[in-house]
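Read through the structure below, which is laid out as structure tokens, and then see the notes.
Just so it is clear: chains get the letters A, B, ... in the order the sequence lines come, proteins before strands, and each one is counted from 1. No experiment lies behind these values; they were computed from the predicted model shown.
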Amino acid sequence: MPKKYDTPLLDELEKGPYPSFVTEIKKAAETSDMSADALGQIEKSYRDKIPYWKHGGIVGVLGYGGGVIGRYSSLPEEFPNIAHFHTVRINQPSGFFYTTKALREICDIWDKYGSGLTNMHGSTGDIIFLGTDTANLEAIFAEFSSRGWDLGGSGSAMRTPSCCIGPARCEWANIDTLDICYQLTQEFQDELHRPAWPYKFKVKVAGCATDCVAAIARADCSIIGTWKGPILVDQDEVKNYAKGGMNIAAEIVRMCPTGCMSYKNGELKVADEDCNRCMHCIAKMTKALRPSGERGAAILLGSKAPIVVGSLLSWVVVPFIKAEPPYDELKEMIRNIIEWWDEHAKPRERIGELIEVKGMRSLLEYIGVDPQPQQIKHPRKDPFIFFTDEDFEKVYTKDKV
Amino acid sequence: MPKKYDTPLLDELEKGPYPSFVTEIKKAAETSDMSADALGQIEKSYRDKIPYWKHGGIVGVLGYGGGVIGRYSSLPEEFPNIAHFHTVRINQPSGFFYTTKALREICDIWDKYGSGLTNMHGSTGDIIFLGTDTANLEAIFAEFSSRGWDLGGSGSAMRTPSCCIGPARCEWANIDTLDICYQLTQEFQDELHRPAWPYKFKVKVAGCATDCVAAIARADCSIIGTWKGPILVDQDEVKNYAKGGMNIAAEIVRMCPTGCMSYKNGELKVADEDCNRCMHCIAKMTKALRPSGERGAAILLGSKAPIVVGSLLSWVVVPFIKAEPPYDELKEMIRNIIEWWDEHAKPRERIGELIEVKGMRSLLEYIGVDPQPQQIKHPRKDPFIFFTDEDFEKVYTKDKV
Amino acid sequence: MSLPQRQTDIGPPHYEHFLPPVIKKNYGKWKYHEVLTPGTMVHVAESGDKIWTVRVASPRILSTVTIREISDIADNHCGGHIRFTTRNNIEFLVSDEEKLAPLIEELKEKGYVVGGIGPRISNVIHTQGWIHCHGAATDASGLVKAMMDEMFEYFTTKELPNKVRLAVACCVNMCGAVHCSDIALVALHTKVPVIDHEKLKNTCEIPTIIASCPTAAISPDPAKKSVKIKESKCMYCGNCFTVCPAINIHDAERDGIAIVVGGKIGSLRSDPKFSKLAYTFFYNDPPRWPKVIAAVKNILNTYAANARKHERVGEWIERIGWEKFFKMTNIPFTFQHIDDFTFMRETMRTAATFKW
Amino acid sequence: MSLPQRQTDIGPPHYEHFLPPVIKKNYGKWKYHEVLTPGTMVHVAESGDKIWTVRVASPRILSTVTIREISDIADNHCGGHIRFTTRNNIEFLVSDEEKLAPLIEELKEKGYVVGGIGPRISNVIHTQGWIHCHGAATDASGLVKAMMDEMFEYFTTKELPNKVRLAVACCVNMCGAVHCSDIALVALHTKVPVIDHEKLKNTCEIPTIIASCPTAAISPDPAKKSVKIKESKCMYCGNCFTVCPAINIHDAERDGIAIVVGGKIGSLRSDPKFSKLAYTFFYNDPPRWPKVIAAVKNILNTYAANARKHERVGEWIERIGWEKFFKMTNIPFTFQHIDDFTFMRETMRTAATFKW
Ligand code: SRM
Ligand code: SRM
Ligand code: SRM
Ligand code: SRM
Ligand code: SF4
Ligand code: SF4
Ligand code: SF4
Ligand code: SF4
Ligand code: SF4
Ligand code: SF4
Ligand code: SF4
Ligand code: SF4
């Protein structure tokens with residue numbers, strides 16, 4: 001029987017209607033010494049208002065350089081069962097779909113070797129198994145991998161790609177997010193497991209600009225589905241929305257960012273050449289409006305959290321690329337992008353930071369992408385312009401300018 | 001009789017309907033050797049596509065450190081009369097008003113000592129007298145100053161302030177731009193004539209946010225009139241505009257940036273608490289709409305051309321300050337602003353550049369202005385926040401947060 | 001006890017193994033969907049097939065006990081299929097309308113909370129906090145729980161003008177979605193870190209430490225074979241602490257929480273936006289951080305009462321203007337709201353236009 | 001010949017000496033105005049007094065001959081009063097409607113061009129160019145003349161959706177209004193400057209030169225007691241040349257002109273805006289720079305044909321989007337359009353939204 005700690009502060013957080021993480025820890029603590037000690041230590045943090053964890057050293061499994069985050073209690077005498085409390089990142093399946101069989105299998109492993117606590121899922125997308133001892137890591141890995149699971153990423157490596165539910169259950173997916181996510185994960189297995197890059201590199205795949213996986217804000221490489229054709233309008237369904245009480249003028253037409261819609265005599269029109277495919281009208285009138293024509297993906301690069309140079313959203317680098325199996329063009333593009341980064345970046349420099357330092361032109365030339373107005377919000381303002389002698393031989397030739 | 005040069009290229013620029021600077025130079029060249037040689041040298045520049053002027057050394061008048069821009073031909077053998085070709089900056093009167101008597105007087109002086117060529121006016125606002133010899137400078141200054149004129153600014157000094165026509169002929173002036181311009185020029189005479197600051201400091205005064213003197217883009221200190229009360233609407237005049245063919249919904253209401261106007265049954269309404277005083281509706285319907293209530297000025301700082309850190313527009317520092325004679329509060333505020341800059345700036349560092357380096361807080365605390373949301377477009381995004389221990393004693397006290 | 005044969009570089013299981021049959025059949029051929037209740041929706045395929053989704057709140061930290069329990073429920077009603085959302089909710093999927101009511105009934109019976117679909121508050125993206133991270137300036141899970149207890153109705157019933165995405169990060173590394181969320185909490189250190197010079201000497205690389213500082217506040221201290229920090233340049237980001245455990249950034253009394261607002265991710269109507277500082281600082285006040293939660297409620301309620309339909313928090317604020325936002329919410333405006341460095345340039349107002 | 005007694009620090013004459021009587025009387029009490037023709041307007045005071053303005057184009061470079069001539073005209077019709085505008089036009093003011101026609105008649109007779117009021121093109125803010133500046137990469141006055149000859153009708157008669165503010169600067173110091181103009185020309189150097197090491201050694205201060213470079217391209221060259229420039233870092237701004245004449249930035253073959261668009265100064269409808277790069281480069285082609293002028297006309301005509309009433313060039317472009325602007329104007333999009341350094345951050349697109 002694991003030890004019982006007095007947890008008056010945490011107990012407060014079992015009250016109230018929303019599901020409680022404290023309850024979860026207590027459930028695990030009924031059978032796990034680790035979870036029991038974790039509960040005790042967390043209560044102490046609640047009292048003292050500081051964490052009691054130490055930096056991780058390098059821990060992991062044979063042949064891999066990542067996938068485990070080392071963690072140690074700074075009070076190992078007081079909480080001996082969490083002297084080690086490493087997390088294991090297991091690469092989730094595309095779209096976070098599971099069978100209950102699979103879930104039970106992984107629970108069995110974790111109950112045997114770990115704290116019985118998980119995160120379903122971590123912010124990057126992995127299944128996070130919270131808390132185990134260094135001694136258990138090889139066993140855990142053998143159990144998981146023999147059943148078809150593999151570790152996720154950590155360290156200066158490809159990080160576990162993730163995606164929105166896309167074509168599995170969404171009418172707006174322009175690309176097969178689940179498949180792209182899976183194929184890219186497979187493609188970069190070596191780079192995912194053996195950190196050899198300047199820093200982390202995250203990939204997220206969203207089926208449309210609604211971006212239900214936050215690709216544009218949280219992935220070095222944000223792959224977002226888009227289309228080129230017109231929006232098809234079903235006027236009968238438009239009438240139904242109006243009948244249903246929707247104020248189409250106010251809710252749709254006025255909110256269209258490009259002002260390209262009109263609504264007269266019950267008819268909704270889109271001036272397609274002015275639509276920028278923002279998804280608003282489609283999302284709010286899904287029965288009446290749908291994209292059509294050529295589908296593909298935009299590749300945006302660079303988003304990340306604030307450290308070191310301030311948070312970034314991803315920048316459009318490839319406005320449109322075909323994304324159909326076997327995804328050769330897409331894979332090659334991403335490989336080239338990473339190669340450019342790997343070649344030039346300092347340690348702990350994300351690709352967004354590097355693009356700022358080296359300039360977008362350096363990247364675009366390396367990956368063979370033309371400059372296009374679709375890449376920018378607006379052109380430069382200040383006339384501090386770099387030219388190469390070649391530019392004058394090829395672009396700014398006397399006969400042209 | 002001054003020398004005649006062959007000027008086939010410049011002659012081309014006498015053709016066409018718009019008034020020609022070449023014609024002006026030729027007019028002056030009829031009696032001025034300097035202008036004649038200038039014409040010759042400029043023709044040569046047109047042929048060779050480079051300027052033939054050298055950097056100026058330090059030239060000026062006794063007791064002054066500025067007001068004259070030294071300029072020398074780099075081809076003094078070929079064009080001996082412009083071996084020296086300095087410009088003299090004379091401080092223009094507020095609003096660029098003149099009597100013909102005054103104009104003739106200054107023409108007389110210039111014909112006697114200079115090239116007979118002027119710029120009415122320079123971009124900063126001065127009357128620019130283009131081209132004279134070092135030997136003439138003292139005489140020119142004596143002639144001008146004895147008749148009530150003084151030199152304008154140059155170098156690392158207060159630069160000649162300028163202003164829009166304001167109350168002299170404009171119904172929208174919230175402040176007396178001409179008087180403020182005059183009073184500030186007088187206040188800073190010493191600093192204007194004797195460069196002693198880190199770099200140039202420009203002041204421009206506009207009567208309203210229409211900014212007909214480009215204060216917000218071209219003055220380190222941009223003083224712009226504004227008001228706090230509601231917009232008064234004359235509904236009869238609104239009707240007249242409608243009758244006159246104005247599409248009030250499209251041209252006024254839809255273009256209001258804050259969306260605070262409505263137009264129903266021929267009545268135009270403004271939700272004043274949402275109006276940001278952009279001036280659009282007032283400018284386009286001047287007979288029907290006018291500002292009312294408290295008047296004052298906003299002080300914005302920092303605008304400049306791109307060198308070195310990129311062009312800047314001025315930033316709001318004092319959103320509202322009373323600007324009535326004798327302008328004590330205004331003058332003190334500007335003095336304090338300059339003092340802060342003078343104390344901290346490196347040589348050739350404009351105030352905008354310094355604010356970026358030192359932070360807005362440093363300036364605001366020095367001049368005793370509170371932080372206000374009116375100073376910003378939006379608050380910071382990244383949580384890289386500086387605090388002082390004092391902040392925790394005064395602002396973030398335990399009882400409050 | 002012998003271990004099974006390990007495999008390497010196999011990647012995750014192929015997702016197809018886990019897709020419910022109706023999804024496999026209609027993959028990529030969905031036509032439209034309808035939100036039925038705050039916790040249920042139906043997607044209709046071109047074939048006419050339908051799939052009903054029931055969404056259930058999760059604390060994200062799940063014990064295996066709970067995972068087994070939801071597996072049982074999925075076995076009972078969903079043919080043994082289950083999924084999680086990108087915001088860590090649990091989704092139960094059924095292809096037969098009749099199965100919907102019994103599923104929901106069992107969920108409610110077992111205490112699960114159904115909701116989070118449509119224009120309301122869904123689960124909170126958050127981070128490890130005191131539960132697992134050495135850098136945490138607060139606890140993330142506790143804040144989420146305290147906040148969601150108070151926002152509960154917006155998960156289960158009430159509507160808002162649009163989705164409101166909440167997030168919590170326990171330090172400025174922001175392992176979550178704080179920088180682009182409608183309303184988010186981010187924990188701050190506010191004191192210059194303290195260096196254990198003896199320990200530093202033996203455990204850390206000085207060049208790495210120096211390079212880690214975004215504001216170049218750190219320089220070598222050759223006498224001590226250590227480093228020193230220029231106080232006026234430090235903004236307590238903790239990056240030096242991340243690369244070197246001998247530098248302690250924690251301070252129980254001065255660690256605290258800021259609230260940022262107005263971020264978004266989707267491109268609908270307006271470009272993705274960063275969150276901006278609303279409340280500068282609250283002291284840590286576990287277990288329920290009442291002032292923080294009240295502040296979040298203040299923002300949310302003001303938004304709910306004033307935004308237009310479909311307007312996100314950031315879109316509403318930009319329409320009314322930040323000065324009006326501060327006025328309506330009564331949030332004190334401080335020096336800390338004004339940005340620093342080159343960021344200042346884009347964030348200061350460059351027009352003499354004001355609301356009073 | 002003895003000089004008059006000099007005075008110092010007296011400042012400019014007081015403006016009141018120069019105001020026409022009707023202005024003195026109604027100072028600060030104007031009620032409204034009406035634009036009557038492209039070159040005339042009337043302001044009406046609360047007192048009922050009126051003042052008519054006739055605006056006349058000026059090349060800004062005026063000989064004393066011309067100043068005397070316009071003084072004669074002002075004596076004939078305007079009681080000896082005259083003014084200039086902030087864009088260097090000449091304004092004749094009359095307080096009596098009857099004086100208007102004879103004034104205009106004399107002006108036209110003497111070849112003056114009346115216009116520039118209302119939604120059209122007014123005079124061009126510009127700089128010294130080859131006429132007086134050592135740094136000029138082009139001539140400003142010549143470009144203005146060539147341009148205004150072609151835009152002439154927009155000064156004298158034709159209307160545009162709104163005012164279109166033109167500017168010309170002869171180097172990137174931009175002694176004018178280029179950075180916030182609707183359409184503007186800015187001259188560029190495009191080659192790394194050439195250093196005369198012998199001269200530099202004797203005439204310039206090395207630390208000042210190094211500090212002058214915005215991109216830190218300059219470093220000491222101790223061997224030569226001079227400096228060296230790292231070619232890949234130099235963007236030819238000429239700031240080093242400004243502080244040191246031994247560094248030559250001029251290159252007759254590679255100096256040229258860029259066209260920027262979409263800037264504005266007033267806050268009407270939208271915030272003041274910076275101009276942005278449209279055409280990257282034209283070779284200098286005096287005396288009439290036909291390709292440059294054609295390019296300006298292209299932009300102007302596309303704007304005139306497509307913008308809404310009251311929309312400024314920048315407002316029109318922002319409404320339609322830059323990709324559409326480049327498409328409609330057929331301007332080639334180049335690497336040079338994409339911004340560098342930290343400026344890149346704010347100017348790259350951060351949304352997967354596109355027009356094709
Ligand atoms: C587990 C997780 C948070 C969670 O509760 O979900 C996490 C946890 C940590 N992150 Fe993170 N990050 C996690 C997702 C993120 C995200 C969000 C995302 O991936 O979508 C971000 C923001 C996006 C980004 O990448 O910028 C994020 C930005 C960081 C940073 C800042 C990096 C930067 O360049 O700005 C650090 C600091 C670092 O790398 O030194 C960081 C560092 C860490 C470390 C390893 C702390 C450290 O310095 O050693 C944390 C380990 C905590 C622990 O003890 O378990 N973590 N981290 C997430 C990974 C789970 C998973 O694999 O699925
Ligand atoms: C005469 C004038 C241009 C004109 O044709 O009107 C002018 C002419 C010169 N400017 Fe200017 N500037 C003139 C208004 C401006 C303006 C516009 C304004 O004041 O509204 C600007 C942009 C606004 C600003 O101040 O940033 C301007 C920004 C510069 C700069 C860039 C300064 C910066 O910090 O970005 C320089 C370079 C420098 O100071 O070294 C400069 C330097 C120069 C020098 C002195 C060249 C030099 O490096 O020595 C030019 C002398 C030309 C000559 O040979 O006569 N001039 N200069 C204008 C002054 C006339 C007057 O007194 O009325
Ligand atoms: C299930 C999920 C995808 C997944 O792979 O797991 C999902 C699913 C759907 N999203 Fe989403 N979104 C999901 C995360 C997101 C995210 C990402 C995030 O929050 O981190 C976003 C971006 C948020 C942002 O912009 O800050 C997101 C922004 C949207 C929007 C845009 C709302 C808006 O107008 O701004 C829509 C459209 C709508 O609601 O009209 C949308 C619409 C939808 C639709 C209707 C798409 C469809 O046709 O199936 C799905 C049900 C909507 C709902 O839950 O109300 N989904 N959705 C995610 C559910 C998270 C959750 O548990 O609540
Ligand atoms: C005379 C002058 C002031 C002076 O002190 O000299 C002046 C005078 C007037 N301006 Fe101006 N503006 C003058 C330079 C400016 C400038 C400064 C500049 O161009 O460098 C601007 C800012 C330009 C910008 O935003 O880029 C300027 C932007 C305006 C506007 C705003 C137009 C808009 O909708 O964006 C108005 C309002 C309007 O036209 O409806 C305006 C309106 C006016 C009014 C109607 C004000 C009034 O009630 O008297 C005056 C006559 C308008 C006209 O010329 O069409 N004035 N006006 C300047 C004449 C310059 C010239 O010769 O053409
Ligand atoms: S990102 Fe687009 S395709 Fe993916 S789930 Fe969201 S709405 Fe559907
Ligand atoms: S997708 Fe967006 S831009 Fe296009 S019509 Fe719909 S609302 Fe307008
Ligand atoms: S800035 Fe305002 S007050 Fe001054 S002239 Fe222009 S419109 Fe009139
Ligand atoms: S001044 Fe501008 S914001 Fe105010 S009502 Fe008029 S158009 Fe709208
Ligand atoms: S946000 Fe900071 S404290 Fe929280 S998990 Fe990430 S690195 Fe750790
Ligand atoms: S906390 Fe951040 S800013 Fe302060 S010294 Fe460390 S790295 Fe530098
Ligand atoms: S823009 Fe450059 S070249 Fe032209 S006058 Fe100004 S400093 Fe001289
Ligand atoms: S021209 Fe400009 S960028 Fe080039 S070296 Fe000189 S100062 Fe530096």
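- Between A:Trp341 and A:Phe201, the two ring planes are tilted [angle within 30° to 60°].
- The pair D:Glu323-D:Arg349 meets the salt-bridge criterion, with a side-chain N (NZ, NE, NH1 or NH2) lying under 4.0 Å from an Asp/Glu carboxylate O.
- Taking D:Trp322, D:Phe326, D:Phe325, D:Phe341 one by one and counting their heavy-atom pairs under 4.5 Å with chain A, the maximum is reached by D:Trp322.
- In this structure the side chain of D:Ile320 never reaches within 4.5 angstrom of the side chain of D:Asn306, judged on heavy atoms.
- Salt-bridge check for D:Lys297 with D:Glu150: passed, with a basic side-chain N closer than 4.0 Å to an acidic carboxylate O.
- Neither the backbone nor the side chain of A:Ile299 comes within less than 4.5 Å of any heavy atom in chain D.
- Your options are D:Glu346, D:Met174, D:Lys191, and the one with the most heavy-atom pairs under 4.5 Å with chain A is D:Glu346.
- Judged by distance alone, the side chain of A:Gln374 and the main-chain N or O of D:Lys355 form a donor-acceptor pair under 3.5 Å.
- Atoms OG1 and CZ, on D:Thr353 and A:Arg277 in that order, are 10.0 Å from each other to the nearest 0.5 Å.
- Interface remark: A:Thr210 contributes no atoms to any contact with chain D (heavy atom separation under 4.5 Å).
- Using modelled atom types, no side-chain atom of D:Thr127 and backbone atom of D:Cys175 make a donor-acceptor pair closer than 3.5 Å.
- Of the two parts of A:Cys275, only the backbone, made up of N, CA, C and O, holds a non-hydrogen atom closer than 4.5 Å to a non-hydrogen atom of chain D.
- Between A:Arg380 and D:Asp340, at least one side-chain nitrogen of the basic residue sits less than 4.0 Å from a carboxylate oxygen of the acidic one, meeting the salt-bridge criterion.
- With a threshold of 4.5 angstrom between heavy atoms, A:Ile385 approaches chain D through its backbone and through its side chain.
- Proximity to chain D (any heavy atom under 4.5 Å) is shown, for A:Val309, by both the backbone and the side chain.
- Chain A is approached within less than 4.5 Å, heavy atom to heavy atom, by D:Glu253, D:Arg254, D:Phe274, D:Ser275, D:Lys276, D:Leu277 from residues 249-279 of chain D, ordered by number.
- The pair A:Glu324-A:Arg295 does not meet the salt-bridge criterion, since no charged nitrogen lies less than 4.0 angstrom from a carboxylate oxygen.
- Listed options A:Ser222, A:Ala209, A:Ala298, A:Ser314 were ranked by heavy-atom pairs under 4.5 angstrom with chain D; first place goes to A:Ser314.
- Here the closest non-hydrogen pair linking D:Ala351 and A:Val316 is O-CG2, 3.5 Å.
- Note: A:His378 leads A:His378, A:Lys228, A:Lys381, A:Glu365 in heavy-atom pairs under 4.5 Å with chain D.
- Taking 4.0 Å as the cut-off between side-chain N and carboxylate O, A:Glu171 and A:Arg290 do not count as a salt-bridged pair.
- Of the two parts of D:Lys324, only the side chain, counted from C-beta on, holds a non-hydrogen atom closer than 4.5 Å to a non-hydrogen atom of chain A.
- Options A:Ile216, A:Thr226, A:Asp274, A:Thr388 differ in how many heavy-atom pairs under 4.5 Å they form with chain D, and the most are formed by A:Asp274.
- D:Lys233 touches chain A through its backbone: at least one of N, CA, C or O sits under 4.5 Å from a heavy atom, while the side chain does not.
- Between chain A and the residues D:Trp356, D:Tyr236, D:Phe281, the largest count of heavy-atom pairs under 4.5 Å involves D:Trp356.
- Taking a cutoff of 4.0 Å between a charged side-chain nitrogen and a carboxylate oxygen, A:Lys200 and A:Asp220 do not qualify as a salt bridge.
- No hydrogens or angles considered: a donor-acceptor pair under 3.5 Å links the side chains of A:Asp391 and D:Gln336.
- There is no side-chain donor-acceptor pair under 3.5 Å between A:Thr258 and A:Asn276.
- The residue among D:Thr190, D:Val186, D:Leu188 with the most heavy atom pairs within less than 4.5 Å of chain A is D:Thr190.
- With a threshold of 4.5 angstrom between heavy atoms, A:Asp211 does not approach chain D through any atom at all.
- Taking chain D as the reference chain and counting heavy-atom pairs below 4.5 Å, the highest number among A:Met279, A:Gln372, A:Lys400, A:Glu273 is found for A:Gln372.
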